[in-house]
There are 2 protein chains.
Amino acid sequence: MTTQSFEKFTAFLHGKSLRATTVRESIVKAVMARKGHFNMDELVRDLRAQGVEASRATVYRVMPLLVKAGIVQPTVVSGKIHHYETAFGHKHHDHLICGECGKVVEFHFEAFEILQREVAAKHGFELTSHYHELIGVCPDCRARRRPRES
Amino acid sequence: MTTQSFEKFTAFLHGKSLRATTVRESIVKAVMARKGHFNMDELVRDLRAQGVEASRATVYRVMPLLVKAGIVQPTVVSGKIHHYETAFGHKHHDHLICGECGKVVEFHFEAFEILQREVAAKHGFELTSHYHELIGVCPDCRARRRPRES
DNA sequence: CTTCATGCAAAAGATTTGCAAGTTC
DNA sequence: GAACTTGCAAATCTTTTGCATGAAG
């Protein structure tokens with residue numbers, strides 16, 4: 001998977017007489033290992049965790065190339081990139097987050113996807129991605145909150 | 001309307017022994033005069049246009065108060081405030097955003113709310129709020145993209 | 001007159017860019 | 001070896017904060 005992606009990227013780079021460097025390979029790997037949305041900071045953290053010392057400036061310079069190569073897709077709102085996500089390869093899921101302890105539960109519910117496409121279509125939009133997080137209180141925190149409720 | 005909002009804000013402020021100042025009144029007015037979504041920069045521009053010389057720092061400090069007072073509602077994406085909108089005068093809605101030109105279409109689809117509660121309940125969560133933004137390409141941008149597609 | 005608000009300037013965080021040195025082809 | 005990349009540091013931009021001064025209650 002990862003290798004395949006880097007090969008795709010290499011082909012893209014060579015087509016533009018750009019170089020397929022080791023740093024770029026590391027970045028592609030880190031990106032492909034990501035699931036769901038991620039931002040610059042999370043990506044850099046991942047790289048650091050893997051011992052890759054790519055400077056932020058480099059990552060900032062490489063991301064647009066990955067976008068042009070069709071490997072990642074950015075969500076751009078008002079001219080700014082809010083987050084990226086890999087353009088293929090993983091199942092999509094949304095998040096249910098506990099606003100008190102921060103616990104995150106991933107879920108996938110096809111009905112949402114269907115309705116989302118329906119809404120987009122109704123307005124003539126071509127849907128490219130979505131941001132869907134449910135915020136609530138998890139069972140543990142609810143128990144903690146009401147220790148002795150009847 | 002405007003006056004009414006400032007009174008609401010005044011009540012909120014006094015309840016917390018904070019001051020109802022003229023600068024704050026100007027900010028509430030500017031906010032209420034806004035229709036739809038706006039960001040910090042647009043708001044400050046509006047203030048400047050009305051001859052109000054509130055410093056950015058002050059506006060940045062006042063907005064959280066307006067949020068707490070229930071006068072404006074922020075849309076938060078990835079932990080950052082993407083935009084604000086006045087909290088009343090319109091029903092709850094989600095957003096369909098054009099990733100290319102930034103156009104925002106509001107929609108309300110009860111089925112989403114029902115399914116969201118269902119998902120939360122399935123995991124034992126008590127749902128408190130949600131972020132739901134659909135990102136896509138609007139009809140205009142699609143046309144612009146493919147000028148002469150069959 | 002006490003407490004809070006404001007403006008300014010400095011600080012902090014995020015992203016971009018110029019430049020010299022290191023790599024890729 | 002030529003052209004492209006990288007890291008660093010400096011430059012921008014956006015948002016936050018400390019502090020002395022000015023206003024509200």
Side-chain angles (χ1 to χ4, degrees), chain A residues 6-7 9-31 37-48 50-69 72 74-84, chain B residues 6-7 9-31 37-48 50-69 71-72 74-84 102:
Chain A
F6 185 57
E7 275 162 17
F9 192 37
T10 298
F12 165 84
L13 291 170
H14 286 171
K16 295 194 179 299
S17 54
L18 298 177
R19 274 71 201 261
T21 67
T22 50
V23 171
R24 285 175 182 176
E25 179 168 9
S26 301
I27 294 174
V28 171
K29 273 184 189 159
V31 161
H37 303 112
F38 61 90
N39 59 30
M40 202 46 75
D41 208 55
E42 293 167 324
L43 181 57
V44 172
R45 245 197 292 281
D46 280 8
L47 287 165
R48 295 273 182 281
Q50 295 168 218
V52 178
E53 283 306 321
S55 80
R56 285 187 119 71
T58 297
V59 182
Y60 273 108
R61 279 186 281 226
V62 170
M63 290 311 284
L65 296 176
L66 291 182
V67 172
K68 279 185 200 141
V72 302
T75 288
V76 181
V77 182
S78 311
K80 297 200 155 197
I81 292 176
H82 273 110
H83 56 248
Y84 295 96
Chain B
F6 185 58
E7 277 161 15
F9 191 37
T10 298
F12 165 84
L13 291 170
H14 286 171
K16 297 193 177 299
S17 54
L18 299 177
R19 275 81 200 257
T21 67
T22 50
V23 171
R24 285 175 180 177
E25 180 167 10
S26 301
I27 294 174
V28 171
K29 273 183 189 160
V31 161
H37 306 106
F38 60 91
N39 59 30
M40 201 47 77
D41 209 54
E42 292 167 327
L43 182 57
V44 170
R45 247 198 291 281
D46 279 8
L47 288 164
R48 295 272 181 281
Q50 295 168 217
V52 178
E53 282 307 320
S55 79
R56 285 186 118 73
T58 297
V59 182
Y60 273 108
R61 279 186 280 226
V62 171
M63 291 312 286
L65 296 175
L66 292 182
V67 172
K68 278 184 199 141
I71 290 172
V72 302
T75 287
V76 182
V77 179
S78 309
K80 297 200 154 196
I81 292 178
H82 172 236
H83 60 244
Y84 294 97

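Keep in mind that what you see is a predicted model, and the values were worked out from it rather than measured. Order of the sequence lines sets the chain letters (A, B, ...), proteins ahead of strands, with each chain counted from 1.
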Expressed as a whole number of angstroms, how long is the span from B:Glu42:CD to D:dT14:P?
13 Å

Starting at CD of B:Glu53 and ending at C1' of C:dG7, how long is that distance when rounded to a whole Å?
11 Å

Taking side chain to side chain contact (heavy atoms under 4.5 Å, CB included) as the definition, give me every residue that meets it alongside A:Gln50, ordered by chain and number, with sequence neighbours left out.
A:Ala30, A:Asp46, A:Val52

May I have the distance from A:Ile27 (atom CD1) to D:dT6 (atom C1'), rounded to whole angstrom?
10 Å

Using a heavy-atom cut-off of under 4.0 Å over every strand shown, decide if A:Arg24 touches base, sugar-phosphate, or nothing.
sugar-phosphate

Looking only at the side chain of B:Tyr60 (C-beta and beyond, no hydrogens), which of the listed nucleotides C:dA5, C:dC25, D:dT16 gets closest?
D:dT16

On DNA chain C, more 5' by nearest nucleotide between B:Val59 and A:Ala20 is B:Val59

note: B:Arg19, atom CZ; D:dG25, atom C1'; distance rounded to Å ~ 5 Å

If I take atom CG in residue B:Leu13 and atom C1' in nucleotide C:dT3, what distance separates them, rounded to the nearest angstrom?
14 Å

How many whole angstroms separate atom CZ of B:Arg56 from atom P of C:dC8?
13 Å

Residue pair A:Val62/B:Thr22 against DNA chain D: nearer the 5' end by closest nucleotide is A:Val62

Rounded to whole Å, how long is the line connecting atom NZ of A:Lys16 with atom C1' of C:dT24?
19 Å

Any side-chain to backbone donor/acceptor pair from B:Arg24 onto B:Arg19? Under 3.5 Å, distance only.
yes

Counting C-beta onward and ignoring hydrogens, is there a side-chain heavy-atom pair between B:Tyr84 and B:Met40 closer than 4.5 Å?
yes

In terms of side-chain heavy atoms of A:Val23, which of D:dT6, C:dC25, C:dT6 is nearest?
D:dT6

When we call it a touch if two heavy atoms are under 4.0 Å apart, what does B:Thr21 touch: a base, just sugar-phosphate, or nothing?
sugar-phosphate

What is the distance, rounded to the nearest whole Å, between atom CZ of B:Arg61 and atom C1' of D:dC19?
10 Å

With respect to the phosphate group of C:dG7, does any side-chain polar atom (N or O) of B:Thr58 fall under 4.0 Å of OP1 or OP2?
yes

Donor-acceptor check, side chain of B:Arg48 to backbone of B:Ala54, threshold 3.5 angstrom: yes or no?
yes

Between A:Leu66 and A:Phe12, is the side chain to side chain contact (heavy atoms under 4.5 Å, CB included) condition met? List the steps.
CA-CA 9 Å; A:Leu66 291 182; A:Phe12 165 84; over 6 Å; no

